[in-house]
There are 2 protein chains.
Amino acid sequence: MNLEPFFKAKSIAVIGASHESGKVGNVIIRNLVDGLYGGKIFPINPNASEILGLKTYPSVNAVKEKIELAVVAVPTELVFKVLGECRKKCIKNVIIVTAGFREVGNAEGEEKLKKLLKKYKIRAIGPNCLGTFNSHTKLDTMFLPRYRLIRPGKGGISFICQSGAVGSAILDLATSRGYGFAKFASYGNAADIDESDLLEYMGSDRDTKVICMYIEGVKNGRKFLETARNVTKKKPVIVIKGGVTAQGSHAIVSHTGSLAGSAEIYFGAFRQAGIIRADSLYDMFNYARILESCVRPKGSRVQIITNGGGYGVLSTDYVITNGLKMAEMSQVTRKILRKQLPKLVNIGNPLDLVGDATTERYKTVMEAALADGAIDAILLIVLYQTPRITTDIVDMIVEMNDRKRKPIVVVSTGGEFTELLSKNLEANGIPTFEYPEAAVRSIKALAEYYITK
Amino acid sequence: MNLEPFFKAKSIAVIGASHESGKVGNVIIRNLVDGLYGGKIFPINPNASEILGLKTYPSVNAVKEKIELAVVAVPTELVFKVLGECRKKCIKNVIIVTAGFREVGNAEGEEKLKKLLKKYKIRAIGPNCLGTFNSHTKLDTMFLPRYRLIRPGKGGISFICQSGAVGSAILDLATSRGYGFAKFASYGNAADIDESDLLEYMGSDRDTKVICMYIEGVKNGRKFLETARNVTKKKPVIVIKGGVTAQGSHAIVSHTGSLAGSAEIYFGAFRQAGIIRADSLYDMFNYARILESCVRPKGSRVQIITNGGGYGVLSTDYVITNGLKMAEMSQVTRKILRKQLPKLVNIGNPLDLVGDATTERYKTVMEAALADGAIDAILLIVLYQTPRITTDIVDMIVEMNDRKRKPIVVVSTGGEFTELLSKNLEANGIPTFEYPEAAVRSIKALAEYYITK
């Protein structure tokens with residue numbers, strides 16, 4: 001199935017375009033214009049001749065040019081009529097943002113919608129959804145004002161999300177942290193195109209390096225698992241499942257009306273399909289970042305390097321409780337380091353460079369750790385509060401990471417100074433974390449993806 | 001034991017004061033001056049007559065006035081001599097920041113230090129520590145530059161931390177989020193004053209509402225548990241224990257040289273003493289914030305109110321998996337809400353106010369939830385990305401919280417706009433969280449503290 005137009009359409013009709021600021025049909029047009037979408041925009045509204053400076057048409061049929069994608073933002077009761085017009089105009093792809101179907105108990109309306117789409121041979125995302133966003137083409141149907149939801153820059157993560165609110169909140173947060181995205185899709189009730197279709201599409205999409213999904217239920221379990229099995233061979237798929245308890249599952253009914261199913265069955269199936277499961281939104285994006293940027297580790301032996309002893313201790317605990325291994329440096333490495341490091345430094349794992357560690361001391365250890373075959377991944381803890389660390393440590397870490405030898409992740413906790421330096425590392429493709437436990441869980445996700453394959 | 005001078009001394013000698021920028025003995029003086037410490041500062045250095053504009057003395061004995069507290073920042077080999085001078089000058093309280101004792105295998109030196117302190121009747125924090133910080137008196141012996149570690153404002157959390165690096169990194173992070181602190185103490189090797197003494201002191205300290213601790217080992221288990229049992233009756237004590245695995249425990253030996261002991265024994269003892277255990281630094285400060293600001297809940301029945309369906313589903317899962325209960329609104333409340341809310345809104349728990357929720361709609365539900373005796377705590381999810389939420393929702397939540405009826409915690413995920421509004425809520429005493437799982441775990445800590453008592 002070709003979902004390209006939903007992300008790369010060169011012409012879009014917004015049916016239900018509006019003059020009124022704040023209305024869905026107004027926000028969508030404004031976002032396309034302000035977001036510098038490069039294609040043609042056709043606002044559709046029978047009562048307007050111009051919206052936000054764009055010529056406005058009474059219906060899609062009044063447009064002479066070809067329309068690749070229609071965004072339907074009309075009241076529920078007008079959706080069927082509008083689809084009829086789309087059929088006449090030979091529009092093959094629509095995003096129905098309009099709500100008021102199965103999620104409010106209108107199962108009848110949703111059935112009718114499904115039948116019409118089939119009959120008209122129209123492919124649809126929605127209803128009750130935010131639609132799509134593509135950081136490359138700037139195609140953007142999310143009806144949320146740009147001042148409330150800053151749009152992400154280009155990156156390798158794509159996010160498929162049943163729930164529009166979860167999706168947009170997470171996009172906004174991730175963007176403020178400087179993480180880039182390839183594509184986003186909120187598919188709502190999935191009357192036609194479902195999570196499996198989107199997963200398959202993202203699986204083949206070149207810009208997408210890692211796929212994240214929030215799902216409440218799956219429409220067709222076999223289809224989903226088959227698709228996942230294929231996609232996870234090509235790139236990592238991280239899923240967070242809503243409704244893992246009976247009560248959570250019950251809450252889903254009034255949200256998207258999906259059947260949630262047993263958590264155990266889902267989790268077992270996820271494992272079989274090679275899906276990485278996240279238990280929280282926080283973990284999901286941490287996993288995505290490490291999988292997007294890090295090279296493949298050869299094993300799960302982690303070397304901890306730190307300038308804070310307590311962080312070394314805590315990280316060691318997390319390595320063990322997460323089922324990873326503490327690396328044991330070779331005798332050669334130990335000998336080299338013993339010669340180069342001050343006596344105060346105990347050569348081991350964690351390797352505590354102590355409070356007066358300099359960039360030079362870190363560099364010595366990083367060189368040795370990259371060279372040592374007994375180390376698979378490096379957890380580098382850099383607390384910038386200590387007086388002798390200089391900011392050129394950022395350049396040193398970037399240089400080491402650019403050699404693409406081993407996964408390197410950095411943990412730094414702190415305020416503005418720390419944030420600034422962490423963002424610099426992130427921009428250079430090094431995953432950074434505020435807390436050691438999050439870093440270790442992410443290394444676990446990385447190891448699981450590569451090593452269980 | 002009176003530890004007041006360690007936090008409230010009106011005169012401080014800095015032994016090992018230095019001209020040289022970046023040196024520990026320079027940074028401490030600079031911090032006292034720049035931090036607007038109100039007491040007298042006596043830099044001690046035999047080779048200088050003036051440091052940072054302050055008259056400098058060759059030794060403490062050259063100072064005519066009384067010295068309440070001495071900060072020792074001289075090389076390891078000079079510590080004993082300096083203590084002799086302190087004794088002559090009748091200085092009763094010293095903070096020894098100097099390292100080079102047990103933590104580097106110098107057990108002999110540490111034993112000698114202990115004996116001298118006893119003989120001289122000097123009370124000491126350290127060696128190998130950052131010392132203390134008091135947000136009220138601005139007493140500050142942390143030898144970290146203020147541009148790297150922003151000092152926190154006043155607040156009710158006090159933090160006792162064996163590890164200086166963990167302590168300072170966390171202080172820095174918390175400060176950048178706007179969380180206030182009462183006192184901070186990094187006690188290092190605890191040659192004299194230990195975690196139990198500091199715990200006892202913070203337990204009686206009026207400015208301290210909640211105590212956080214990072215500990216690797218405990219010097220005297222019985223003393224610690226007895227102290228904790230008393231303190232937890234007065235205020236919450238949250239502990240994160242480093243070295244819960246054999247490997248982590250092993251790492252401690254070269255950090256502070258403490259004996260870590262079995263994790264199970266610790267955890268069992270914590271429970272008996274009423275200590276709240278945190279498994280991560282992230283959780284520790286979340287727990288502290290909720291315990292500092294929220295009123296006592298009557299039970300553990302949580303009502304979830306949201307404008308994002310997915311967040312409602314996930315939060316429900318977290319409530320159940322954390323052993324809390326989903327509140328069941330009374331019939332009266334249901335009736336009232338049914339009349340006041342749009343038909344689209346399903347009256348239940350989670351209560352999904354759907355994507356077009358307004359401040360007014362939230363207010364209706366908050367009033368009802370505060371009045372309903374079947375609800376013990378309110379988990380309020382506000383996703384500011386949706387178009388119809390206006391910023392006056394902040395005022396509404398603050399007004400509701402000021403009634404001090406039930407714990408209210410807010411979850412909002414997003415970028416700058418969200419952060420701004422969340423900081424506003426925090427400043428008004430409402431704990432806010434980026435992710436629902438962190439909020440729910442924190443409600444659990446709150447319920448545990450009050451309900452198991």
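Below, chains carry the letters A, B, ... as their sequence lines are ordered, and counting in each starts from 1.
Between A/Tyr384 and B/Arg148, the closest heavy-atom pair is O-NH1, 2.9 Å. Residue A/Glu437 comes nearest to B/Tyr282 through the heavy atom pair OE2-CB, 3.3 Å, listed as atom of the first residue, atom of the second, then distance. The minimum heavy-atom distance between B/Glu419 and A/Ser176, with the atom names listed, is OE2-OG, 4.2 Å. When all heavy atoms of A/Gly310 and B/Ser163 are compared, the closest pair comes out as N-OG, 3.5 Å.
Considering only heavy atoms from C-beta on, B/Leu281 comes within 4.5 Å of A/Tyr311 through its side chain. You'll find the side chain of B/Asp172 reaches within 4.5 Å of the side chain of A/Thr418, heavy atoms only. Contact check for A/Tyr214 versus B/Leu314: side-chain heavy atoms found under the 4.5 Å cut-off.
Using a 4.5 Å cut-off between heavy atoms, B/Asp356 makes no contact with chain A at all. Only the side chain of B/Leu383 comes within contact range of chain A, with heavy atoms under 4.5 Å apart. Of the two parts of A/Asn349, neither the backbone nor the side chain holds a non-hydrogen atom closer than 4.5 Å to a non-hydrogen atom of chain B. Contact annotation for A/Gln247: both backbone and side-chain heavy atoms come within less than 4.5 Å of a heavy atom of chain B. Contacts between B/Tyr435 and chain A at a heavy-atom distance below 4.5 Å involve the side chain alone, from C-beta outward. When heavy atoms are compared at a cutoff of 4.5 Å, A/Leu171 does not approach chain B at all. Of the atoms belonging to A/Tyr147, heavy atoms from both backbone and side chain fall under 4.5 Å from chain B. Of the two parts of A/Asn307, only the backbone, made up of N, CA, C and O, holds a non-hydrogen atom closer than 4.5 Å to a non-hydrogen atom of chain B. Both the backbone and the side chain of B/Ile389 come within contact range of chain A, each with at least one heavy atom under 4.5 Å from a heavy atom of that chain.
The residue among A/Leu149, A/Val319, A/Val244 with the most heavy atom pairs within less than 4.5 Å of chain B is A/Val244. Taking chain A as the reference chain and counting heavy-atom pairs below 4.5 Å, the highest number among B/Ile170, B/Val345, B/Thr175 is found for B/Ile170. For the options B/Pro436, B/Ser412, B/Gly22, B/Gly414, heavy-atom pairs under 4.5 Å to chain A are most numerous at B/Gly414.
Interatomic distance, A/Thr245 OG1 to B/Asp317 CG, rounded to the nearest 0.5 Å: 4.0 Å. Interatomic distance, B/Ser280 OG to A/Arg441 CZ, rounded to the nearest 0.5 Å: 7.5 Å. Taking OG of B/Ser249 as the start and CD1 of A/Ile320 as the end, the distance is 11.5 Å to the nearest 0.5 Å. Atom NZ of residue B/Lys23 and atom CZ of residue A/Arg388 lie 9.0 Å apart, to the nearest 0.5 angstrom.
The environment of CD in A/Glu434 is crowded: more than 12 heavy-atom neighbours from other residues, nucleotides or ligands sit within 6.0 Å.
Using a 4.0 Å cut-off between a side-chain N of Lys or Arg and a carboxylate O of Asp or Glu, A/Glu416 and B/Arg177 do not qualify as a salt bridge.
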